[in-house]
Amino acid sequence: LGSIVSFLMGLLLALMALFALRELAALSRLRRVDRLRQKFLSARKTTDLGTAHQAFASVSRFYHTRAETEWGLARVNERKGEVVDSSALLDMTEVEVMPALDRAALAEVESAARVVATATAIVPMALLDVFSALVVNLRMIRRISEVYGGRAGALGSWRLTRWVLAHLVATGALAVGDDLIGSIAGGGLLSKISRRFGEGVINGALTARIGLAAIDVCRPMPFVALPRPKVSGVIKNAMTGLFGS
């Protein structure tokens, strides 16, 4: 009996150690993405070409194993010697490397908005709506982090969610003037035909807003050379064919 208890205790400690190592690795990955973003922000504030080259080298090391970024990194490597302006090199890096990752992240946002809108329109219980939206939004934030190279464990997911919520609070005033209002107004018009469908569009728009905030937080480069996605565009792609025209 003592041997069995000792074995189970050893197994439990091994599992706890494995969990701790996974969480540390996930947090380290998130910090590395954050350092990349800070490096690009610093490079944007200066005109030093060497700093821009260092920022590109960091991105190249981080994404060199990703099939989605292989072609873009090769393009920048071929042309970076011809660039004599730091902003031009940073813009070229963003334009060549980020689009494939941005498309994958937007697909996650559109899928989450579609699921939340459908659940709101179909599920009759408000409490289930809230629970399903919470689960879908947490999964969406985690998947967006993974798209851009972060691997969030349990603690990392909580920390990432806090960053996204903080970003939403910080940009809340800007969101008032954003096309989020148009999406909610569209949901209000649709609610005159069906209350549940109108609520579905509004909840989907709010999920899209959270998803775009997660992209801003998880993306290793700020949106400069490429346009920032809009809530209305995400909702249009997510809802097309779901609630009619």
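Apart from V116 itself, the hydrophobic cluster it occupies contains V115, V136, where clustering links Ile, Leu, Val, Met, Phe, Trp and Tyr at side-chain heavy-atom distances under 4.5 Å.
For the pair S86 and T46, the minimum side-chain heavy-atom distance is 4.5 Å or more. Side-chain contact between S111 and M140 is absent, with no heavy atoms from C-beta onward closer than 4.5 Å. Using a 4.5 Å heavy-atom threshold, the side chains of T207 and V109 count as separate. Under the 4.5 Å side-chain criterion, counting only non-hydrogen atoms from C-beta, L106 is in contact with I215.
The 12-atom threshold is not exceeded at CD1 of I4, counting heavy atoms of other residues, nucleotides or ligands nearer than 6.0 Å. For E70, the CD atom counts as loosely surrounded, since its 6.0 Å shell holds 12 or fewer non-hydrogen atoms of other residues, nucleotides or ligands.
Hydrophobic clustering (side-chain heavy atoms under 4.5 Å, transitive across Ile, Leu, Val, Met, Phe, Trp, Tyr) groups M92 together with F223.
When all heavy atoms are compared, the tightest approach of A208 to I235 is CB-CD1, 4.1 Å. Shortest non-hydrogen contact noted between P229 and L212 is O-CD1, 3.6 Å. Closest approach of R37 to V217, counting heavy atoms only: CD-O, 4.3 Å. Of all non-hydrogen atoms in A55 and A43, the two that sit nearest each other are CB-CB, 4.4 Å. Taking each heavy atom of Y148 and F62 in turn, the nearest pair found is O-CE2, 3.6 Å. The heavy-atom pair separating V231 from A205 by the smallest distance is CG1-O, 3.9 Å.
Sorted by first and then second residue, the salt bridge (Lys or Arg N to Asp or Glu O under 4.0 Å) pairs involving residues 80-95 (not counting sequence neighbours) are R44-D91, R44-E94, E94-R219.
Taking CZ of R142 as the start and CZ of R139 as the end, the distance is 10.0 Å to the nearest 0.5 Å. Remark: I210 CD1 to L138 CG distance equals 9.0 Å, nearest 0.5 Å. Note: L73 CG to Y63 OH = 9.5 Å, rounded to the nearest 0.5 Å. For the atom pair CG (L8) and OG (S3), the distance works out to 11.0 Å, reported to the nearest 0.5 Å. To the nearest 0.5 Å, atom CD of residue Q54 and atom CG of residue D48 are 7.5 Å apart.
One finds a salt bridge joining R143 and E146 here, because a Lys/Arg side-chain nitrogen approaches an Asp/Glu carboxylate oxygen to under 4.0 Å.
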Go through V59 and F40 one step at a time and tell me if the side chain to side chain contact (heavy atoms under 4.5 Å, CB included) criterion holds. CA-CA 9 Å; V59 169; F40 264 84; 3.0 Å; yes
Is there a side chain to side chain contact (heavy atoms under 4.5 Å, CB included) between R228 and D216? Walk through the geometry before answering. CA-CA 9 Å; R228 178 179 276 101; D216 283 337; 3.4 Å; yes
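Every residue two or more places apart in sequence or in another chain that forms a side chain to side chain contact (heavy atoms under 4.5 Å, CB included) with E68 is listed here: R66, A100, L101.
The one candidate from L90, T93, L41 that meets the side chain to side chain contact (heavy atoms under 4.5 Å, CB included) condition with M221 is T93.
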